[in-house]
Amino acid sequence: MELMSISAELLQKAFIAGAKNLEANKEYINELNVFPVPDGDTGTNMTLTIMSAAQEVGSIDKPDMETVSKAISSGSLRGARGNSGVILSQLFRGFTREIKKEQEINVEILSRACNKAVETAYKAVMKPKEGTILTVAKGMAEKAEELVAESEDLIFVVDEIIKHGDYVLSQTPEMLPVLKEAGVVDSGGEGLMTVVKGAYDALQGKEIDYTLEGTSKSGGGANLDDIEIEEANIKFGYCTEFIINLDNPLDEDEEDKFKEFLHSIGDSIVMVADDEIVKVHVHTNQPGEAFTRALTYGSLSRMKVDNMREEHHERLIQNAEKRAKEQAEADKKAEAKKDEPRKENGFIAVSVGEGLDEVFKSLEIDAIISGGQTMNPSTDDILKAVDKVNADNIFILPNNTNIILAAQQAEILLEDKKLIVIPSKTIPQGIAAMLGFIPGESPDDNKESMIESMSGIATGEITYAVRDTVIDDHEIKEGNIMGIGDEGILAVGEDLEATTIEMIDAMVDEDSGMISVYYGEDVKEEDANKLVEKLEKKFPDVEVECYMGGQPVYYYITSVE
C-alpha cells in the first residue's frame with residue numbers, strides 16, 4: 001500500500017485514532033512514572049489533553065485542513081494537563097501551524113510540520129531536558145527531514161519515523177540516570193509514540209472505532225460521569241450529553257438563559273460554548289426537554305442518555321452534590337464580586353483536601369482549584385478560575401511541579417488580566433509564598449518576594465509504593481512506605497510513623513526552627529498527634545505544628561523551615 005498525501009478527512013481520522021490508542025494504553029504509561037507512587041498520572045494527563053482536542057476534531061462534519069488544525073490546537077491548548085500534556089499540546093500547536101493553510105499533507109509538509117512542532121514545544125519549556133518526550137519528538141522530526149529525499153510514500157516514511165522514535169525512546173534511560181535507575185523509559189515519550197502509532201493505524205486503513213462518546217472531561221476535577229451513584233440518593237436520574245451545532249453564535253445573554261433553563265430541569269451541569277458548537281452535560285429527569293430546547297439553537301449530534309440508577313461508578317453521588325453545591329456557592333460569590341470595584345491583586349491556589357483548602361482561605365486566597373497530585377487541573381480550569389477573580393493582577397500558586405506549565409500556558413492565553421505564576425512545587429511552598437506577599441509593592445517585586453519566601457522551605461511527602469524499584473540507592477518494595485523530599489527519596493520503611501520521622505530527620509538541620517505536619521484523609525487525628533509528640537521529643541529546639549490536611553494519596557505532607 002502506498003499513500004502520497006493525507007487529506008483533512010484522513011487527518012481527522014488519524015488524530016482520533018491516535019487519541020483513542022493513547023486512552024487505551026494510559027494505565028501502562030502511568031506505571032512508567034519514575035517514582036512508584038499511587039498518583040502516576042502521565043498517561044491520564046496526556047489522555048485528557050488529547051481527548052479535549054479529539055472531541056472538537058470529531059465534531060467537524062465537513063473537515064478541511066484549517067478547521068481540523070484549529071480544533072487540534074485550541075482543544076489541546078485549553079485541555080492541557082500536567083507537564084506532559086502541555087508539551088503534547090505545544091507539539092500539536094506547532095504541527096498545525098505548519099499545515100493549516102495546506103490542502104493536503106505530503107512527505108515534505110509532514111517534515112516541516114514535525115520540525116515546527118519540536119521548535120514550538122522546546123520554546124515552551126524554560127529548561128528542556130533531554131531524555132524526555134521532547135527528545136523523542138526531536139528524533140522523529142530529524143528522521144522525517146532525512147526521509148524527504150528518500151521517498152514520497154507516507155506509509156513508508158511514517159513507519160521509518162516510528163521505528164526511529166522507538167529507538168530514541170529506548171535510549172532515554174541512557175540520557176536520564178533517574179530513568180535508568182528506575183528501569184523505565186520516559187513516560188511522556190511513550191505516550192507520544194502511542195499517539196503516533198494509533199494515527200499510523202488509521203493511515204494504513206486499519207479497522208478502527210472512531211466514536212468518542214463518553215470521553216469528554218470538561219471542567220476541573222473528576223468527570224461527573226465517573227462518580228458512583230446510590231439509587232436512593234439520585235434526584236435526577238438521566239445523565240444527558242449532546243453537542244449543539246449552532247446556527248448562529250450564542251451571545252452572553254442567550255448562553256445565560258440556556259444555562260438557567262438547564263438548572264431548572266436538572267443539576268451537575270457542564271456547558272462549554274464557542275462560536276460554532278455548545279457541549280452540554282446535565283443530570284435531569286427530562287432529557288427530551290433538554291433536547292427540545294437545544295434544537296432552537298441548532299442541530300444536535302453526539303446525543304447520549306444514560307440511566308444512572310443502573311450504573312456503577314467509583315464515587316458516591318453525595319460527593320458530586322457537595323462539590324456542585326460548593327461550586328454553585330463559589331460561582332455566586334464570584335458573580336457578586338464582579339459587581340464590586342476591581343481590586344489590584346488577587347490570588348489563586350491549587351489545593352487538594354478540605355484542611356489544606358481552609359489553610360489557603362485563611363491566607364485570603366480568592367479562588368481554589370481542586371487538583372494536585374491525583375488530578376492535575378487543565379489550562380482551561382485555570383482560565384475559568386482567573387475569570388472569577390475580579391482583580392488586575394492575579395497571582396497563581398500551582399503547588400505542584402506538574403501544574404506549573406499549565407499555569408504558564410494560561411498566562412499566555414489571558415488578555416484582560418495579568419496572571420503571575422509563582423512556581424511553587426508543593427503545598428508548603430505555596431503557603432510560604434503567600435506569607436511573602438507584601439501589600440503595596442509592585443507585582444514584579446511581590447513575585448520576587450514570594451519566590452524568595454518559599455525558597456527556605458523544605459518539603460517531605462509520605463506515601464506508599466505501588467511497585468518494586470530502586471531509586472536513589474533505596475531498594476523499594478511494593479507496599480513500602482516512602483518519604484519523598486524535594487530532591488528525591490529520603491526514607492523507605494514498613495512503618496508509617498517511623499518512616500515519617502526518618503524523613504523529617506533528614507530534612508532538619510541546625511538552622512531549622514519550625515516543622516509543619518499536614519495529615520491526610522487516611523490518617524486519624526490521634527495518630528497524627530502521637531507523631532507530633534515524638535517529633536517534639538526528638539527535636540526539642542524546633543517548634544512543631546500539626547494541621548488536618550485531608551489530602552488523598554499522601555499520608556503526611558510536611559515542611560521544615
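Fair warning: this is a prediction, and the values are worked out from it, not measured in the lab. Side chains are part of it too, since the values below use all heavy atoms of this structure and drop only hydrogens, waters and symmetry mates.
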Chemist: Is there a side-chain contact between Met51 and Lys20 in this structure, where contact means two heavy atoms from C-beta onward sitting under 4.5 Å apart?
Modeler: yes
Chemist: Mind checking whether Leu110 and Ile161 have side chains closer than 4.5 Å, heavy atoms only?
Modeler: yes
Chemist: With heavy-atom distances below 4.5 Å as the criterion, would you say the side chains of Met46 and Ile133 are in contact?
Modeler: yes
Chemist: Does Ser111 offer a backbone N or O that forms a donor-acceptor pair with the side chain of Asn115 under 3.5 Å?
Modeler: yes
Chemist: Are Ile72 and Phe15 packed together at the side-chain level, in the sense that at least one heavy-atom pair is separated by less than 4.5 angstrom?
Modeler: yes
Chemist: In Å, rounded to the nearest 0.5 Å, how long is the span from NZ of Lys388 to CD1 of Ile394?
Modeler: 12.5 Å
Chemist: For Tyr210, I'd like to know if atom OH has over 12 heavy atoms of other residues, nucleotides or ligands within 6.0 Å.
Modeler: yes
Chemist: Treating Asn21 as the side-chain partner and Val195 as the backbone partner, does any N or O pair qualify as donor plus acceptor under 3.5 Å?
Modeler: no
Chemist: Please examine the side chains of Arg112 and Lys116, heavy atoms only from C-beta on, and report whether any two atoms are closer than 4.5 Å.
Modeler: no
Chemist: Can Glu130 and Thr135 be said to form a side-chain hydrogen bond (donor to acceptor under 3.5 Å, both in side chains), step by step?
Modeler: CA-CA 5 Å; Glu130 297 306 330; Thr135 309; 2.6 Å; yes
Chemist: Is the shortest distance from a Lys or Arg side-chain nitrogen in Lys143 or Glu146 to a carboxylate oxygen in the other one below 4.0 Å?
Modeler: yes
Chemist: Please name the pair of heavy atoms, one in Val68 and one in Ala8, separated by the smallest distance, quoted to 0.1 Å.
Modeler: CG2-O, 4.0 Å
Chemist: With the side chain counted from C-beta on, respond yes when Pro423 and Pro398 share a heavy-atom pair under 4.5 Å apart, and no when they do not.
Modeler: no
Chemist: Let me see the working for Asp473 and Glu181 under side chain to side chain contact (heavy atoms under 4.5 Å, CB included), right down to the final yes or no.
Modeler: CA-CA 9 Å; Asp473 296 327; Glu181 191 176 21; 4.1 Å; yes
Chemist: Would you say the side-chain atoms of Asn245 pair up with the backbone N or O of Gly298, donor to acceptor, closer than 3.5 Å?
Modeler: no
Chemist: Between Glu494 and Lys477, is there a side-chain N and carboxylate O pair less than 4.0 Å apart?
Modeler: no
Chemist: What heavy-atom pair brings Ala117 and Leu91 nearest, and what distance separates the two atoms?
Modeler: CB-O, 3.1 Å
Chemist: Ignoring hydrogens and angles, tell me if any N or O in the side chain of Asp387 forms a donor-acceptor pair with the backbone of Lys384 under 3.5 Å.
Modeler: no
Chemist: To the nearest 0.5 Å, how far apart are CD1 in Ile489 and NE2 in His474?
Modeler: 6.5 Å
Chemist: If you look at every heavy atom in Leu134 and Val125, which pair is closest and at what distance?
Modeler: CD1-CG2, 4.1 Å
Chemist: Evaluate the ring planes of Tyr464 and Tyr555, with Trp represented by its six-membered ring, and classify them as parallel (under 30°), tilted (30 to 60°) or perpendicular (over 60°).
Modeler: tilted
Chemist: Nearest 0.5 Å, please: how far is CE in Met65 from OG in Ser7?
Modeler: 7.0 Å
Chemist: Indicate yes or no for a side-chain donor-acceptor contact from Arg78 to the backbone of Asp380 under 3.5 Å, with no hydrogens or angles considered.
Modeler: no
Chemist: For residues Val136 and Gly165, report the shortest heavy-atom separation together with the two atoms involved.
Modeler: CG1-O, 4.0 Å
Chemist: Show the numbers, then the answer: is there a salt bridge (Lys or Arg N to Asp or Glu O under 4.0 Å) between Asp201 and Lys197?
Modeler: CA-CA 6 Å; Asp201 286 343; Lys197 288 173 183 177; over 6 Å; no
Chemist: Please report the interatomic distance OG(Ser351) to CD(Gln551), rounded to the nearest 0.5 Å.
Modeler: 9.0 Å
Chemist: Could you give the distance from CG (Leu22) to OH (Tyr28), rounded to the nearest 0.5 Å?
Modeler: 13.0 Å
Chemist: Would you indicate whether the side-chain heavy atoms of Leu32 and Thr42 approach each other to under 4.5 Å?
Modeler: no
Chemist: Check the surroundings of atom CD in Glu9: do more than 12 heavy atoms from other residues, nucleotides or ligands lie under 6.0 Å from it?
Modeler: no
Chemist: Nearest heavy-atom pair of Ala202 and Ala14: which atoms, and what distance?
Modeler: CB-CA, 3.6 Å
Chemist: Working to the nearest 0.5 Å, report the span between CD1 of Ile396 and CD1 of Ile420.
Modeler: 11.0 Å
Chemist: For Thr379 and Leu413, run side chain to side chain contact (heavy atoms under 4.5 Å, CB included): C-alpha distance rounded to whole Å, both residues' side-chain angles, the deciding distance at 0.1 Å, then the answer.
Modeler: CA-CA 9 Å; Thr379 297; Leu413 294 173; 3.9 Å; yes
Chemist: Can any side-chain N or O of Gln409 pair as donor or acceptor with the backbone N or O of Leu77 at less than 3.5 Å?
Modeler: yes
Chemist: Evaluate whether atom CG of Asp247 has more than 12 neighbouring non-hydrogen atoms of other residues, nucleotides or ligands under 6.0 angstrom away.
Modeler: yes
Chemist: Output yes when a side-chain donor or acceptor of Glu461 lies under 3.5 Å from a complementary backbone atom of Tyr554, and no otherwise.
Modeler: no
Chemist: Evaluate the side-chain proximity of Lys26 to Thr194: yes if any heavy-atom separation is below 4.5 Å, no if none is.
Modeler: no
Chemist: Give a yes or no on this: more than 12 heavy atoms of other residues, nucleotides or ligands lie within 6.0 Å of atom CD of Glu102.
Modeler: yes
Chemist: Do the side chain of Ser69 and the main chain of Glu66 share a donor and acceptor less than 3.5 angstrom apart?
Modeler: no
Chemist: Got a donor-acceptor contact below 3.5 angstrom from the Thr49 side chain to the Asn45 backbone?
Modeler: yes
Chemist: Is the backbone of Gln90 close enough, under 3.5 Å, to the side chain of Thr120 for a donor and an acceptor to pair up by distance?
Modeler: no
Chemist: Of all the heavy-atom pairs spanning Ile50 and Leu88, show the shortest one and how long it is.
Modeler: CB-CD2, 4.3 Å
Chemist: Between Lys123 and Glu119, is there a side-chain N and carboxylate O pair less than 4.0 Å apart?
Modeler: yes
Chemist: State whether a side-chain donor-acceptor pair under 3.5 Å links Thr211 with Asp209.
Modeler: yes
Chemist: Do Asn399 and Ser424 get their side chains close enough for a donor-acceptor pair, meaning under 3.5 Å?
Modeler: yes
Chemist: Would you check if there is a donor-acceptor pair between the side chains of Asp41 and Thr44 at a distance under 3.5 Å?
Modeler: no
